[in-house]
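Residue numbers start from 1 in every chain, and the chains themselves are labelled A, B, ... in the order their sequence lines are given, proteins ahead of strands. Keep in mind that what you see is a predicted model, and the values were worked out from it rather than measured.
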There are 2 protein chains.
Amino acid sequence: MAHDGKAHEQTVSSMLQALKAAGYRVTAARRAVVEAMQSSGHRSAREVVEEVRRRHPGVGRASVYRTLAILSKVCAVQPSLLGTTRAHYSAADQGSHHHFICNRCHRVIEFDECTAAGMVGDIEQRLGVRIQGHLLEFYGLCRSCLAAM
Amino acid sequence: MAHDGKAHEQTVSSMLQALKAAGYRVTAARRAVVEAMQSSGHRSAREVVEEVRRRHPGVGRASVYRTLAILSKVCAVQPSLLGTTRAHYSAADQGSHHHFICNRCHRVIEFDECTAAGMVGDIEQRLGVRIQGHLLEFYGLCRSCLAAM
DNA sequence: CTAACTGCAAAGGGTTTGCAAGGGT
DNA sequence: ACCCTTGCAAACCCTTTGCAGTTAG
């Protein structure tokens with residue numbers, strides 16, 4: 001198991017590189033967060049905190065939150081739902097909702113068309129579920145933020 | 001404009017009906033929340049609270065939250081992101097993330113294929129944005145919850 | 001060496017809960 | 001009349017902030 005560290009370093013490096021490239025320092029706390037983010041998909045900030053502290057008890061809560069914010073700023077990590085931290089609802093019978101959300105200024109642009117509707121039948125069959133609605137969000141940089149770079 | 005009230009009642013009734021059908025009482029507070037949810041798309045719980053209290057100052061914060069939870073339980077309203085109320089992140093280079101989320105038991109089923117990727121070019125052009133990732137969530141009832149009904 | 005970063009603890013703020021009063025059915 | 005529902009306010013808990021000590025570069 002002497003090479004675990006090395007093996008990890010490799011998968012980890014793209015996020016760390018993004019940090020360096022943006023002028024941020026690579027520290028133990030940030031390495032720990034990157035390590036946790038590498039190891040799995042979608043998770044809440046709180047879950048990341050727990051995992052980081054399980055493996056690196058010395059790392060403080062605040063550093064995890066701060067690192068997630070930075071990783072998100074350099075686009076090494078995708079925040080869901082606007083980076084807002086609260087519950088969102090929409091009327092069920094109003095069909096589906098589609099947004100483009102700017103990672104930089106958080107502007108939201110809504111649009112209607114959607115190819116996801118075409119997936120509904122297939123997914124219902126394959127998973128044996130009934131689908132009642134869906135949400136599609138694209139993340140990126142809006143026109144004015146692109147211009148400002 | 002004499003018929004605004006009536007017109008509203010009509011669009012509103014499906015949510016109220018869902019409440020009744022599930023054995024919940026139809027009260028002034030719940031009517032106010034339904035009215036707010038009818039009038040627009042995606043919004044945060046806090047925004048719903050604000051709108052309800054703007055038009056019906058007598059309605060308490062707590063009732064709005066409680067009503068949203070009930071509407072969500074009877075599938076008259078779609079909560080985003082698992083009904084969880086916190087920020088979620090995922091590694092950006094792991095591509096996009098797609099979930100089916102059961103409205104009843106909150107089970108999450110992940111899957112890979114996605115037609116949304118095909119929309120990226122079109123949306124980038126039309127909105128003049130750069131897209132870096134996306135999130136697609138389907139909401140409904142899972143196999144075992146369907147069986148249990 | 002120095003500015004960036006950290007951990008801690010306390011503050012912040014949206015959401016939930018306990019309880020006595022109120023209102024559907 | 002019954003008991004579900006409400007409004008209030010306090011409790012809750014995740015997240016953010018202020019600060020003095022630490023560390024990457």
Practice prompt. Apply side-chain contact (heavy atoms from CB on, under 4.5 Å) to L19(B) and R25(B), showing your working.
Written response: CA-CA 7 Å; L19(B) 283 181; R25(B) 292 184 180 168; over 6 Å; no

Worksheet, complete the sentence: Per atom distances to the R46(B) side chain, the nearest of dG7(C), dC14(D), dT15(C) is dT15(C)

Worksheet item: What nucleotide among dG7(D), dT17(C), dC8(C) has an atom nearest to a side-chain atom of A62(A)?
Response: dC8(C)

Item to complete: Name the nucleic acid region contacted by V49(B), choosing base, sugar-phosphate or nothing; use a 4.0 angstrom heavy-atom cut-off, strictly under.
Response: nothing

Discussion item. Each nucleotide in nucleotides 19-25 of chain D should get exactly one letter: B, S or -. Can you fill that in based on protein heavy atoms under 4.0 Å?
Written reply: ----BBS

Worksheet item: Which nucleotide sits closest to the side chain of S63(A): dG7(C), dT6(D), dT15(C)?
Response: dG7(C)

Response to the item:
L68(B) CG to dT17(C) C1', in whole Å, measures 17 Å

Worksheet item: How far apart are the closest heavy atoms of F138(B) and M119(A), and which atoms are they?
Response: CZ-CB, 4.1 Å

Worksheet item: Axis-to-axis angle across the helix from dC1(C)-dG25(D) to dT25(C)-dA1(D), five pairs an end, to 10 degrees?
Response: 50°

Worksheet item: Do the charged groups of E35(A) and R55(A) touch, with an N to O distance under 4.0 Å?
Response: yes

Worksheet item: Please give, in whole Å, the distance from dG13(C) C1' to Y65(A) OH?
Response: 14 Å

Item to complete: Decide if atom CZ of R61(B) counts as having more than 12 heavy atoms of other residues, nucleotides or ligands within a radius under 6.0 Å.
Response: no

Worksheet item: For R61(A), which contact category applies under a 4.0 Å heavy-atom criterion: base, sugar-phosphate, or nothing?
Response: base

